[in-house]
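Note that ligands are numbered from 1 as they come in the structure, with each ligand's atoms numbered from 1 the same way.
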Amino acid sequence: MKPLEELTRKNIWNLAPYSSARNEYAGREARVFLDANENPYNAPYNRYPDPLQLELKDALSKVKGVPAENIFLGNGSDEPIDLVYRCFCNPKNDNVVAIEPTYGMYKVCADINDVEYRPVLLDDHFQMTAERLLAATDEKTKLIWICSPNNPTGNTIVREEIAKVITQFEGLVIVDEAYSDFSAQKPFRLDILKHPNLIVLNTMSKAWGCAAIRLGMAFASKEIIVLFNKVKYPYNVNLLTQQQALEALKDPFEVDKWVKILLEERSRMMLAFKDLPICEKVYPTEANFFLAQMTDAPKIYNYLVDKGIIVRNRHRVQLCLNCLRITIGTKTENGELIAALRQYA
Ligand SMILES: *Cc1c(COP(=O)(O)O)cnc(C)c1O
């Protein structure tokens, strides 16, 4: 890996961050807060929330097996996705490499930040090799994006190939593990201390059932977390989100139960799809969704919309011709989808 200073934008490396009232007193006992121009009434919503979310990070640390100082929390994973561009990529100059197809936000944030985005097409099994990914890099490549289990394909990327990219690439590698709770593979987040150039993304939006509260996280070296904290909005995770996340983390067994049911339902749904005359192929998955190749995805998609059932049409995505992406719902919802598709003529 190149030195972090060399990978970081000069203005960010030299940035003196905004220092909030709550940052400055942190750590000491205090009773009277007359420092932040808050209203003394309407507790607890009158006070600014903890800018570094320390209580929540302690709770997450136990569940995720990552030290609190190696955790960054943001407004969904969207925030750390945008932050890596803002911290490391010089607009109009640097570039990033990513597998294709994958999650759309990596490209959107590249475009917003005016950074060249270099997609590398996966093979017919939606797999990649480190060699092909590294071949797309040059001296101006700051980041490589890998999503595993991948969205919209559902499969995990071969672990050894990801590991090779991490050890051989001189820049930063981001592994998005939004769906790792649904997968049997060993998560890369447990390897961040071994690899200073690795950033792993997680979210409360999927297995944890908290998409509405917007809480995403990045796991990385202390030095990278410090950079993210310098650049983020001072109070980027609001009090309600912090409280609700702490509540959810009290009962990780509830999540295990949901995951178990969803995986059973996923098997049932995939078998049902394989039996449909309008389904040509069901792709292997380790996420809470699967990709199915249909006879005519756009037409079937519209047919389902007319019945009030919304799936994701991925027909226009590379390698996904005529594919629908099906999220696993409740037994009742899944049953409705299958019943509608059996009636399709
Ligand atoms: C759903 C998803 C996320 C979650 O994004 P949030 O902003 O945390 O809701 C992140 N990455 C991938 C690949 C996803 O599919």
How would you list, by chain and number, every residue that makes a side chain to side chain contact (heavy atoms under 4.5 Å, CB included) with Asn93, sequence neighbours excluded? Asn90, Lys140
Do other residues, nucleotides or ligands put more than 12 heavy atoms under 6.0 Å from Glu55 CD? no
Side-chain donor-acceptor pair under 3.5 Å between Tyr117 and Lys107, yes or no? no
Linking Ile, Leu, Val, Met, Phe, Trp and Tyr through side-chain heavy atoms less than 4.5 Å apart, which residues share a cluster with Leu239? Tyr45, Leu240
Flag for Asn75-Asn238: side-chain donor and acceptor within less than 3.5 Å: no
At less than 3.5 Å, what protein N or O atoms come close to the N or O atoms of ligand 1? Include the distances to 0.1 Å.
from: ligand 1; atom 1: 7 (O); to: Ser77; atom 2: N; distance (Å): 3.0
from: ligand 1; atom 1: 7 (O); to: Asp78; atom 2: N; distance (Å): 3.3
from: ligand 1; atom 1: 7 (O); to: Asp78; atom 2: OD1; distance (Å): 3.2
from: ligand 1; atom 1: 7 (O); to: Asp78; atom 2: OD2; distance (Å): 3.4
from: ligand 1; atom 1: 7 (O); to: Arg214; atom 2: NH2; distance (Å): 2.6
from: ligand 1; atom 1: 8 (O); to: Ser77; atom 2: N; distance (Å): 2.7
from: ligand 1; atom 1: 8 (O); to: Ser77; atom 2: OG; distance (Å): 2.9
from: ligand 1; atom 1: 8 (O); to: Thr203; atom 2: OG1; distance (Å): 2.6
from: ligand 1; atom 1: 9 (O); to: Ser205; atom 2: OG; distance (Å): 2.7
from: ligand 1; atom 1: 9 (O); to: Arg214; atom 2: NH1; distance (Å): 2.9
from: ligand 1; atom 1: 9 (O); to: Arg214; atom 2: NH2; distance (Å): 3.2
from: ligand 1; atom 1: 11 (N); to: Asp176; atom 2: OD1; distance (Å): 3.4
from: ligand 1; atom 1: 11 (N); to: Asp176; atom 2: OD2; distance (Å): 2.7
from: ligand 1; atom 1: 15 (O); to: Asn151; atom 2: ND2; distance (Å): 2.8
from: ligand 1; atom 1: 15 (O); to: Tyr179; atom 2: OH; distance (Å): 2.6
from: ligand 1; atom 1: 15 (O); to: Lys206; atom 2: NZ; distance (Å): 3.3

Residues clustering with Tyr235 (ILVMFWY side chains joined when closer than 4.5 Å, directly or via others): Tyr48
